[in-house]
Amino acid sequence: MINPLRVRQLNKAEYTGGTVVYQMCRDIRAIDNDALLYAQELARSKKAQLVVNYVIWNYQWQGATRRLYDWVLPSLQEVEQELRKHNIPLVVTFEEEKLFTKKKFTKVPDHIGAVVIDELPLHFMGKWKEQFLKHNESIPLYEVDAHNCIPVWELSHKQEFAAHTIRRKVHEKLPLFLEDFGKLTMHTANAGLLVTTPEINWTEVSKLVICDETITGTGQFIPGTRAGMKLLKEFFTTTLAMYDTTRNDINIDAQSNLSPYIAHGNISRRRIILELLKYTKVEITDAFDNVQNGSNGKMGSVAAFIEECVVRAEISENFCFYNSSYDTFDGFPEWAKVSLAKASTDDREYVYTYKEFRNAKTHDDIWNAAQMQMVTTGKMHGYLRMYWAKKILEWSATPQEAIKIAVKLNDLYELDGRDPNGYVGCAWSIGGLHDRPWFGRPIFGAVRYMAESGVKKRGDTKAYVEKWLHGKQNLF
DNA sequence: ATCGGCTCGCGCAA
DNA sequence: TGCGCGAAGCCGAT
């Protein structure tokens, strides 16, 4: 049985018969998915049919790129195959126009008895939920946090101020939320349903998707759960041991590279932690030692990885869940807003437009190289993401403009874009979110500054520029 | 190479 | 009420 703390019903409606639908939102996987498992649990208890639905928002919202669907569609195809092994059909629904106008949102079909969604703390889901509840009063709507280790509403009841305030809560509660996942079973109530639900023609679906066709390709990554699990195993055997010392080196790919898989839900962060503990033979209660102070060797890397994979990921979810201004200036902490506003009239040596940033036409080749790494591969090095965003603040007319540009570029080009981690990364860099104030300086005010000299400490910037800006990738 | 100051607010100890 | 300390730092003094 799914831990009931991972589930909440969003209305008071009672089930009176009909098909249970799991509307898959961001957790695109058929295994280790508590929302799917909960939907099956519910359907079984009612002896009801179970269908999984995925909605393609078919208009040009920010982030709808071919690159996104190059990731999503193969992931869904893998999900479809896995689901069919258990007698469960996957259906893809297109929304032809903007969904959230009153006119376009209609009641779900009569044969639907309950809807389960996975939790996603972004605006469009909030609007979708609001509209669903308004137009489908008699259909129970359940939300399952299938994404976080600790359900976002359980970890904290408010927006957390800093990493250190949420870290305590994570360390306290994580051991209570590391139960193994249930297994999907053959859904016998669906007898005959697969026969009448043919397999999806993915070539046709791909043709029907409306998106920005100029941004394509998933770079070095193969989308999907299988590929994600394979990458995880490789990370353990090749990179984990040096994770805490090498991950910030801009020339070495010593990051886990799992974020695109995590963001799209191909793999669950809880599964990653369970596998990590199994592989390293570490108990979770021992894994938090040395998180901050002088960690080294195996424990250092385990602690550093849990810090990134749980603490910082879940503070991002916490921020978006409790602050609806997660992607704008308004969401910044008060001290930073006051300080940035005061500094907004400071002289700027360089001011670039969105287009100049997009085309990597700044005076700074390190910045340009980072931008090109993101544009061509879909993944900028983790350390440089901070430098990159801070320079957008430095070279934009206003902080309001800067956060807009950073969020847009991140949403459009990063494989792990359109995700709480991305919004918090931009807000940390530009708006001092979850950070503390530092000595004042022009444009930044009290927001932490980062200089080129800092990047140079993290590796060979000349080699990085050669590789990503001048395309001499074979030098490595 | 190392260190203190910069500067605000949360959370806990008292 | 006081005090320690903090998402990945910078700068200048020693």
Side-chain angles (χ1 to χ4, degrees), chain A residues 155-172 242-252 254-256 259 288 290-296 300-301 303-320 322-323 326 331-343 366 370 380-391 393-394 403 406 410 416 419-459 461 464:
Chain A
L155 177 56
S156 173
H157 300 299
K158 59 170 189 179
Q159 182 189 324
E160 289 293 328
F161 174 76
H164 66 95
T165 64
I166 207 169
R167 183 177 298 120
R168 229 191 316 254
K169 298 180 181 183
V170 169
H171 290 187
E172 181 192 315
M242 54 171 187
Y243 182 74
D244 62 332
T245 51
T246 326
R247 71 183 184 283
N248 280 340
D249 188 316
I250 62 171
N251 306 111
I252 302 172
Q255 304 167 97
S256 74
S259 65
F288 303 131
N290 301 327
V291 169
Q292 289 132 300
N293 46 0
S295 44
N296 52 55
S301 282
F305 186 72
I306 292 176
E307 175 74 7
E308 308 251 349
C309 186
V310 186
V311 175
R312 293 188 194 175
E314 305 214 349
I315 199 177
S316 299
E317 299 279 334
N318 168 275
F319 177 64
C320 294
Y322 289 109
N323 194 323
Y326 56 77
F332 297 170
E334 211 48 42
W335 64 264
K337 278 195 277 193
V338 171
S339 180
L340 284 169
K342 238 184 250 171
I366 297 174
M380 189 190 303
H381 189 278
Y383 180 80
L384 279 164
R385 286 189 184 195
M386 296 181 286
Y387 176 79
W388 173 87
K390 284 193 180 287
K391 293 300 152 183
L393 169 61
E394 194 172 341
I403 185 71
N410 191 76
D416 57 10
D419 179 80
N421 262 319
Y423 300 119
V424 166
C426 292
W428 178 84
S429 302
I430 295 169
L433 177 72
H434 301 151
D435 203 4
R436 60 166 151 160
W438 301 84
F439 67 98
R441 84 153 48 220
I443 305 171
F444 285 79
V447 171
R448 182 194 299 250
Y449 180 72
M450 281 175 89
E452 197 184 304
S453 58
V455 184
K456 286 186 169 153
K457 277 186 234 159
R458 308 285 178 164
T461 52
Y464 182 81

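Below, chain A is the first sequence line, B the second, and so on; all start at residue 1.
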Quote, to the nearest angstrom, the P distance that separates dT2(B) from dA7(C).
23 Å
Pick from N323(A), L433(A), I430(A): which one makes a side-chain contact (heavy atoms from CB on, under 4.5 Å) with F332(A)?
I430(A)
Nearest-Å distance once atom P is located in both dG4(B) and dG4(C)
14 Å
If you check the Y383(A) side chain, which of dG9(B), dC12(B), dG9(C) turns out closest?
dG9(C)
Tell me which nucleotide among dG9(C), dC8(B), dG11(B) gets nearest to the side chain of K158(A).
dG11(B)
Any strand counts, and the cut-off is 3.5 Å on both contacts for Watson-Crick or G-U wobble. Which nucleotide pairs with dA8(C)?
none
Can you check the K390(A) NZ to dA8(C) P distance for me, whole Å?
10 Å
Take the protein atom CH2 of W335(A) and the nucleotide atom C1' of dC6(B), then report the distance between them rounded to whole Å.
12 Å
Side-chain donor-acceptor contact under 3.5 Å, E160(A) with N318(A):
no
So, does the side chain of D435(A) form a donor-acceptor pair with the base of dA7(C) at under 3.5 Å?
no
Can you confirm if the NZ or CZ of R247(A) lies within 45° of the ring axis of Y243(A) and under 6.0 Å from the centre of its six-membered ring?
yes
Quick test of your reading of the model: are E172(A) and K169(A) salt-bridged, counting only N-O distances below 4.0 Å?
no
Between CE of M450(A) and P of dC6(B) the distance, given in whole Å, is 23 Å
Integer-rounded Å distance: dG9(C) C1' and R441(A) CZ
10 Å
Given dC11(C), dA7(C), dG11(B), which nucleotide is nearest the side-chain atoms of E160(A)?
dG11(B)
Sort out the partner of dT7(B) for me: Watson-Crick or G-U wobble, both distances under 3.5 Å, none otherwise.
none
On a whole-Å scale, what distance lies between the P atoms belonging to dA14(B) and dC5(C)?
14 Å
Parallel, tilted or perpendicular, as decided by the 30° and 60° cut-offs, for the rings of Y423(A) and Y326(A):
tilted
In this structure, how many angstroms lie between the P atom of dA8(C) and the CD atom of E452(A), rounded?
21 Å
How close do Y449(A) and K391(A) get, heavy atom to heavy atom, and via which atoms?
OH-NZ, 3.3 Å
State which of dA7(C), dC10(B), dC6(B) makes the closest approach to the side chain of T165(A).
dC10(B)
Is any side-chain N or O of R436(A) closer than 4.0 Å to OP1 or OP2 of dC5(C)?
no
Hey, does the side chain of R448(A) come within less than 4.0 Å of dC6(B)'s phosphate (OP1/OP2), counting only N and O?
no
Ignoring backbone atoms, test whether K457(A) places a side-chain nitrogen or oxygen under 4.0 Å from the OP1 or OP2 oxygen of dC10(C).
yes
Side chain of F439(A) - closest among dC12(B), dC11(C), dC6(B):
dC6(B)
Within this structure, what is the CD-to-C1' distance between E334(A) and dC10(B), rounded to whole angstrom?
16 Å
Tell me what V424(A) touches on the nucleic acid: a base, only sugar-phosphate, or nothing, going by heavy atoms under 4.0 Å.
base
Rounded to the Å, how far apart are D244(A) CG and dA7(C) P?
17 Å
Separation of dC12(B) atom C1' from K169(A) atom NZ, nearest Å, is 13 Å
Go through dC10(C), dA7(C), dC10(B) for me and flag the one nearest to the Y449(A) side chain.
dC10(C)
Phosphate-side-chain proximity, R167(A) and dA7(C), N/O vs OP1/OP2 below 4.0 Å
yes
Where the side chain of A163(A) is defined as all heavy atoms beyond and including C-beta, which of dG9(C), dA7(C), dG11(B) is the nearest nucleotide?
dA7(C)
